[in-house]
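Sequence lines set the chain letters: A, B, ... in the order given, protein chains first and strands last, and positions in each chain run from 1.
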Protein chains: 2
Amino acid sequence: MTTGSRKLNGAGKRSTRQRALIMDIIRRGQGHLDADEIFRRAREKEPRLSLSTVYRTLQMMKELDLIDELHFTESHHHYEVKPTREHHHLVCLGCGRVIEFDYPLSSYLKKEVPEAKGFEIEETEISVAGYCARCQRARR
Amino acid sequence: MTTGSRKLNGAGKRSTRQRALIMDIIRRGQGHLDADEIFRRAREKEPRLSLSTVYRTLQMMKELDLIDELHFTESHHHYEVKPTREHHHLVCLGCGRVIEFDYPLSSYLKKEVPEAKGFEIEETEISVAGYCARCQRARR
DNA sequence: AATGCTATTGCAAATCATTTGCAATAATAA
DNA sequence: TTATTATTGCAAATGATTTGCAATAGCATT
């Protein structure tokens with residue numbers, strides 16, 4: 001009954017050791033893990049786990065709305081459990097650190113941006129890249 | 001002197017037929033073309049052009065700040081000439097249409113989001129996915 | 001205009017992230 | 001406990017992008 005297994009069963013999916021483990025890692029990882037990092041951490045507990053299982057699980061969790069996929073500047077993606085409050089991400093190009101900030105973009109858009117009025121918004125994502133205070137110092 | 005060749009020369013780069021063509025296509029494409037689409041259009045004029053040249057050119061234009069790379073929900077990227085006003089994108093999941101809207105996010109962030117204060121912002125990107133008015137009708 | 005230096009190109013092969021086919025395995029309902 | 005079929009691991013496929021290398025073409029100089 002952890003890890004959304006209720007939602008899994010509800011959708012006619014089976015709740016397996018691998019899926020529980022993967023969801024656990026995503027939750028503990030405080031968001032911002034990529035598929036490969038999830039895979040590496042999962043392997044410590046479950047050495048025979050395959051990368052495809054990770055990808056298949058991520059895919060399914062997205063569809064069940066248990067996790068969000070984040071698109072930073074990189075070519076691969078990052079994952080976090082579905083957040084309660086709408087928030088977005090500052091990514092430091094120096095050290096890779098991710099800082100979250102709350103920001104109710106979608107309601108804002110609907111009020112302020114005429115082009116967004118006729119639009120049925122499914123997903124919003126802000127990503128901001130730059131240098132955190134520490135890395136700014138290091139760059140001088 | 002078209003197509004940023006001034007900036008090219010300034011950076012000790014050569015201005016070639018392929019580069020001019022690619023930049024031209026990006027400019028005419030009103031933004032929102034991906035590498036492969038740029039390649040297909042460029043081939044009509046320059047049949048021996050290779051895809052690597054397209055990628056190498058995109059890479060360089062990014063570095064010279066002549067173009068921006070956009071990250072929609074998809075796995076590949078899109079490109080547009082560096083815009084004058086800060087704007088962002090609504091992408092329709094139904095028909096793929098891209099609608100631009102002005103929104104001065106970075107100045108807003110600096111004012112309103114405490115976490116962003118210590119940050120030196122290099123790049124901001126909002127992407128909003130959903131269904132445009134037409135596609136909403138079609139889905140019922 | 002011809003020459004030489006070296007950046008740039010086209011092509012093929014490599015790489016990275018992700019997806020897929022398939023036979024073996026395991027979760028659930030009967 | 002058994003039968004059914006979703007799920008897994010593995011290997012091979014795919015899609016996007018990058019890289020090595022020899023041939024070509026800009027451009028500064030003669």
Side-chain angles (χ1 to χ4, degrees), chain A residues 1-23 25-26 32-40 42-64 66-67 69-79, chain B residues 1-23 25-26 32-40 42-64 66-67 69-79:
Chain A
M1 93 241 123
T2 26
T3 312
S5 67
R6 178 161 326 188
K7 196 149 187 179
L8 279 185
N9 292 330
K13 307 287 180 189
R14 291 176 183 175
S15 108
T16 68
R17 213 159 6 98
Q18 306 61 342
R19 286 177 182 170
L21 175 57
I22 291 169
M23 272 304 279
I25 288 171
I26 299 175
H32 326 312
L33 304 181
D34 59 31
D36 207 65
E37 182 60 29
I38 294 167
F39 177 58
R40 275 191 302 262
R43 275 221 153 169
E44 288 169 19
K45 291 229 160 176
E46 190 81 42
R48 303 204 48 209
L49 182 82
S50 87
L51 188 52
S52 355
T53 299
V54 173
Y55 277 109
R56 280 189 281 233
T57 302
L58 291 172
Q59 185 70 38
M60 151 178 294
M61 297 306 180
K62 264 194 289 175
E63 274 156 24
L64 294 177
L66 291 168
I67 62 173
E69 184 179 68
L70 307 175
H71 309 95
F72 299 153
T73 316
E74 300 165 330
S75 53
H76 57 263
H77 303 147
H78 293 242
Y79 301 87
Chain B
M1 93 235 133
T2 24
T3 314
S5 66
R6 180 161 324 188
K7 197 150 187 178
L8 280 184
N9 293 329
K13 306 289 180 187
R14 293 178 180 173
S15 108
T16 67
R17 213 159 7 97
Q18 309 55 346
R19 285 178 182 168
L21 174 58
I22 290 169
M23 273 304 279
I25 288 171
I26 298 176
H32 326 313
L33 303 181
D34 58 31
D36 207 65
E37 181 61 26
I38 294 167
F39 177 58
R40 275 192 301 264
R43 275 221 153 168
E44 288 169 19
K45 290 229 162 176
E46 191 80 39
R48 302 203 48 209
L49 182 81
S50 87
L51 189 50
S52 355
T53 298
V54 172
Y55 277 110
R56 280 189 281 231
T57 302
L58 291 171
Q59 185 70 38
M60 149 176 297
M61 298 306 181
K62 264 195 289 174
E63 274 156 23
L64 295 177
L66 291 169
I67 62 172
E69 183 180 69
L70 307 175
H71 310 94
F72 299 153
T73 316
E74 300 166 330
S75 52
H76 58 262
H77 304 147
H78 293 241
Y79 301 87

Inset, instruction - Applying side-chain contact (heavy atoms from CB on, under 4.5 Å) between Met61(A) and each of Glu69(A), Met23(A), Arg56(A), report the one that passes. - result: Met23(A)
Legend entry - Protein proximity profile, nucleotides 24-29 of chain C - base contact B, sugar-phosphate-only contact S, no contact -, cut-off 4.0 Å on heavy atoms: --BBS-
Legend entry - pair Met60(B)-Arg19(B): side-chain heavy atoms closer than 4.5 Å: yes
Inset, instruction - Could you tell me the separation between the CD atom of Glu46(A) and the P atom of dG9(D), rounded to a whole number of Å? - result: 7 Å
Legend entry - Whole angstrom value for the distance that separates P of dT24(D) from CZ of Arg19(B): 19 Å
Inset, instruction - Take Leu58(A) and Tyr79(A) through the side-chain contact (heavy atoms from CB on, under 4.5 Å) test and state the conclusion after the steps. - result: CA-CA 8 Å; Leu58(A) 291 172; Tyr79(A) 301 87; 3.6 Å; yes
Legend entry - Options dG10(C), dC10(D), dA16(D), nucleotide nearest the side-chain atoms of Tyr55(B): dA16(D)
Legend entry - Spacing between Met60(B) atom CE and dT19(D) atom P, to the nearest angstrom: 14 Å
Inset, instruction - May I ask you to evaluate whether Thr53(B) reaches the phosphate of dG10(C), defined as a side-chain N or O under 4.0 Å from OP1 or OP2? - result: yes
Legend entry - Value in whole Å for how far the P atom of dT18(C) lies from CD of Gln59(A): 11 Å
Inset, instruction - Enter the inter-axis angle for the ends of the helix from dA1(C)-dT30(D) to dA30(C)-dT1(D) (five pairs per end, rounded to 10°). - result: 40°
Inset, instruction - Look at the side-chain N and O atoms of Ser52(B) and state whether any lies under 4.0 Å from the OP1 or OP2 oxygen of dT18(D). - result: no
Legend entry - Listed nucleotide nearest any side-chain atom of His77(B), set dG9(D), dC11(C), dT17(D): dT17(D)
Inset, instruction - May I have the step-by-step check of side-chain contact (heavy atoms from CB on, under 4.5 Å) for Leu49(A) and Phe39(A), ending in yes or no? - result: CA-CA 8 Å; Leu49(A) 182 82; Phe39(A) 177 58; 4.3 Å; yes
Inset, instruction - Starting from C1' on dT19(C), measure out to NE2 on His76(A) and report it in whole angstrom. - result: 18 Å
Legend entry - Close side-chain approach of Leu66(B) to Ile26(B), heavy-atom, < 4.5 Å: no
Inset, instruction - Output the single nucleotide from dT18(D), dC10(D), dC11(C) whose closest atom is nearest the side chain of Arg56(A). - result: dC10(D)
Legend entry - Check: Arg43(A) side chain, Ser50(A) main-chain N or O, donor-acceptor pair, under 3.5 Å: no
Inset, instruction - Send over the distance from Arg43(B) CZ to dG10(C) C1', rounded to a whole Å. - result: 10 Å
Inset, instruction - Round to the nearest Å and state the distance from Asp36(A) atom CG to dA17(C) atom C1'. - result: 9 Å
Legend entry - Nearest-angstrom distance from the residue atom CG of Leu51(A) to P of dA12(D): 16 Å
Inset, instruction - Any chance you could lay out the side-chain contact (heavy atoms from CB on, under 4.5 Å) test for His32(B) and Leu70(B), step after step, and finish with the verdict? - result: CA-CA 8 Å; His32(B) 326 313; Leu70(B) 307 175; 3.9 Å; yes
Inset, instruction - Could you tell me if the ring centre of His71(B) sits under 6.0 Å from that of His77(B)? - result: yes
Inset, instruction - Kindly say whether Glu46(B) contributes a backbone atom to a donor-acceptor pair with the side chain of Arg17(B) at under 3.5 angstrom? - result: no
